[in-house]
Amino acid sequence: MLLVLLLGVADFGRVFNASIVTESAARNSAETVAEIYLRNPPGPLTAPPVPPPNYYASLHDQAAKSLCTEMRTLPGVLYDETDQTCTGPIYAFVCVHDGADDKCAEAPGGFTTPPQGCSLTAPSNDQAAEDPNRRYVEVRVCYTFSPLYKSVVMPFVGYTASDIPIQRTRVFTVADY
């Protein structure tokens, strides 16, 4: 019984840490894309954007690299330093809300299928209902955490626990709009 209690306390700390890392990664990824967007906008700042080819794909790839770099320390995440990509129990969506991002419904490179338990939905880039002059970046991330007690203690007592999906959505406003 003491072992179960000890593992429960340890898992609480681990899931709390994973939650903070996931939230931080989502926010920093949104900030990174907003800064890149501001330094290299897809068109005049006062007109609707007319982006060059692959403009949004490159922004989404930058977001994915930022996410992978920040989340590489989480259990189950396999990080490739050469191209800053990762595989594992991570899934994400990125959307630049400016009315022109045509990649909002697609997960950025490297995130192919959502882990079990993740219920992320793709953001929509419908600027008609919003302020057309407000531009911002939205990043939605899901990380599936596998608790220690699931693999160490629970099989011996006949209980099967499930993984814990940690989902975060962060928005970062593009300044000067």
Side-chain angles (χ1 to χ4, degrees), residues 18-72 74 76-80 82-145 163-177:
S19 177
I20 290 172
V21 169
T22 303
E23 184 164 338
S24 174
R27 187 206 180 276
N28 290 342
S29 181
E31 180 181 12
T32 298
V33 172
E35 290 293 325
I36 294 169
Y37 186 93
L38 185 60
R39 278 184 277 149
N40 183 22
L45 301 178
T46 57
V50 181
N54 296 321
Y55 178 78
Y56 291 105
S58 68
L59 288 178
H60 290 228
D61 286 343
Q62 281 298 111
K65 287 178 181 181
S66 177
L67 281 171
C68 287
T69 300
E70 295 231 5
M71 297 179 78
R72 69 180 181 258
L74 294 176
V77 176
L78 302 173
Y79 180 71
D80 184 353
T82 57
D83 59 359
Q84 298 175 320
T85 59
C86 59
T87 57
I90 301 174
Y91 195 67
F93 284 110
V94 178
C95 187
V96 179
H97 291 274
D98 64 355
D101 187 353
D102 58 346
K103 303 285 184 198
C104 289
E106 302 172 19
F111 303 119
T112 54
T113 56
Q116 187 173 3
C118 287
S119 61
L120 282 184
T121 58
S124 109
N125 191 4
D126 183 18
Q127 285 297 103
E130 301 176 23
D131 179 2
N133 295 323
R134 182 173 180 242
R135 298 181 185 192
Y136 61 97
V137 178
E138 179 181 11
V139 176
R140 296 180 182 186
V141 181
C142 181
Y143 167 72
T144 303
F145 176 82
D163 292 338
I164 302 167
I166 300 170
Q167 297 184 160
R168 297 292 182 264
T169 299
R170 291 297 166 256
V171 170
F172 201 89
T173 301
V174 177
D176 295 341
Y177 277 101

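Source: prediction; values computed, not measured. Worth knowing before you read on, the calculation uses all heavy atoms, side chains too, and leaves out hydrogens, waters and symmetry mates.
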I want to check something: taking the side chain as every heavy atom from C-beta on, are V139 and F172 in contact at a cut-off of under 4.5 Å?
no
Quick one: pull up CG in N28 and CZ in R170 and give me the separation to the nearest 0.5 Å.
11.0 Å
With a 4.5 Å cut-off on side-chain heavy atoms, are D163 and Q116 touching?
no
Just wondering, do F145 and T22 contact through their side chains at under 4.5 Å, heavy atoms?
no
Carboxylate-amine/guanidinium proximity below 4.0 Å for R27 and E23:
no
Between the SG atom in C95 and the OH atom in Y56, the distance rounded to the nearest 0.5 Å is 9.0 Å
Close side-chain approach of M71 and V141, heavy atoms under 4.5 Å
yes
Side chains of Y55 and D101: closer than 4.5 Å at any heavy-atom pair?
no
All heavy atoms of D98 vs all of Y37, minimum pair found to be OD2-OH, 2.8 Å
Quick check for you: to the nearest 0.5 Å, what is the distance between I36 atom CD1 and E31 atom CD?
11.0 Å
Could you walk me through whether V96 and V33 satisfy the side-chain contact (heavy atoms from CB on, under 4.5 Å) test, starting with their C-alpha distance in whole Å, then the side-chain angles of each, then the deciding distance to 0.1 Å, before giving a yes or no?
CA-CA 8 Å; V96 179; V33 172; 4.0 Å; yes
To the nearest 0.5 Å, what is the distance between OG1 (T144) and CG (L74)?
11.0 Å
CA sep, side-chain torsions, deciding dist, call: Q84, Y79, side-chain contact (heavy atoms from CB on, under 4.5 Å):
CA-CA 7 Å; Q84 298 175 320; Y79 180 71; 3.4 Å; yes
Quick one: do the S19 and Y143 side chains pair a donor with an acceptor below 3.5 Å?
no
Quick check for you: to the nearest 0.5 Å, what is the distance between L38 atom CG and R135 atom CZ?
11.0 Å
Checking E70 now: which residues fulfil salt bridge (charged side-chain N to carboxylate O under 4.0 Å, His left out) with it, not counting sequence neighbours?
none
Considering all heavy atoms of both residues, which atom of C118 and which atom of P165 are nearest to each other, and what is their separation?
N-CB, 4.3 Å
Enter the distance from F111:CZ to T85:OG1 here, rounded to the nearest 0.5 Å.
9.0 Å
According to side-chain hydrogen bond (donor to acceptor under 3.5 Å, both in side chains), who are the partners of Q62, at least two apart in sequence or on a separate chain?
none
